[in-house]
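Just below is one structure, and these are the notes that go with it.
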Amino acid sequence: MGIWEPVLAGKTALVVFAVMIGDIPEARLAGMVDFALVVVVALAYVLTRGWQAWQPGTTDPPRGDTAVASGGRTSSPAPDLQPPVTG
C-alpha cells in the first residue's frame with residue numbers, strides 16, 4: 001500500500017465524522033474543506049496513477065530495441081570503459 005490510500009481513507013473518515021456531528025458550525029466548515037481535499041487527492045491519485053506507485057518497477061531498458069530506437073545505428077562503449085584484456 002502506498003501513501004495515497006491512507007491519505008484518502010483518512011480524509012474520507014474526517015468527512016464522514018463531520019457529517020455525523022454536522023450540527024456544529026465548525027464541523028460543517030471542516031467537512032466541506034475535507035471533502036474538497038478528498039476530491040483533489042482522488043483526482044491527483046487518478047492522474048498520477050497512484051495505484052502503481054508501490055508496485056516494483058525496472059530501471060533496465062528493454063533489450064534489442066536500441067538499434068530500432070537509434071535508427072539502426074549501434075554504438076560501442078568508449079575505449080576507457082571496455083573491460084581489461086586478460087591473457
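All figures in this text were calculated on a predicted structure; none of them were measured in a lab.
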Practice problem: Taking side chain to side chain contact (heavy atoms under 4.5 Å, CB included) as the test, write out the residues that go with Phe35, two or more places apart. | Solution: Val15, Val39

Quiz item: Considering residues at least two apart in sequence or located in another chain, which fulfil the side chain to side chain contact (heavy atoms under 4.5 Å, CB included) criterion with Ala27?
Solution: Ile21, Ile24

Self-check item: Smallest separation among heavy atoms of Val38 and Leu8, with atom names
Solution: O-CD2, 4.0 Å

Check which hydrophobic residues are tied to [X] through side-chain heavy-atom contacts below 4.5 Å, counting indirect links as well, and list them.
X     : result
Met20 : Val16
Val40 : none
Leu14 : none

Quiz item: Should Ile3 and Tyr45 be counted in the same cluster of Ile, Leu, Val, Met, Phe, Trp and Tyr side chains packed under 4.5 Å apart?
Solution: yes

Quiz prompt | Qualifying salt bridge (Lys or Arg N to Asp or Glu O under 4.0 Å) pairs, either residue in residues 15-32, two or more places apart | solution = none

Practice problem: Return each pair, listed once, that meets salt bridge (Lys or Arg N to Asp or Glu O under 4.0 Å) where at least one residue sits in residues 31-51; pairs must be two or more places apart or across chains. | Solution: Lys11-Asp34

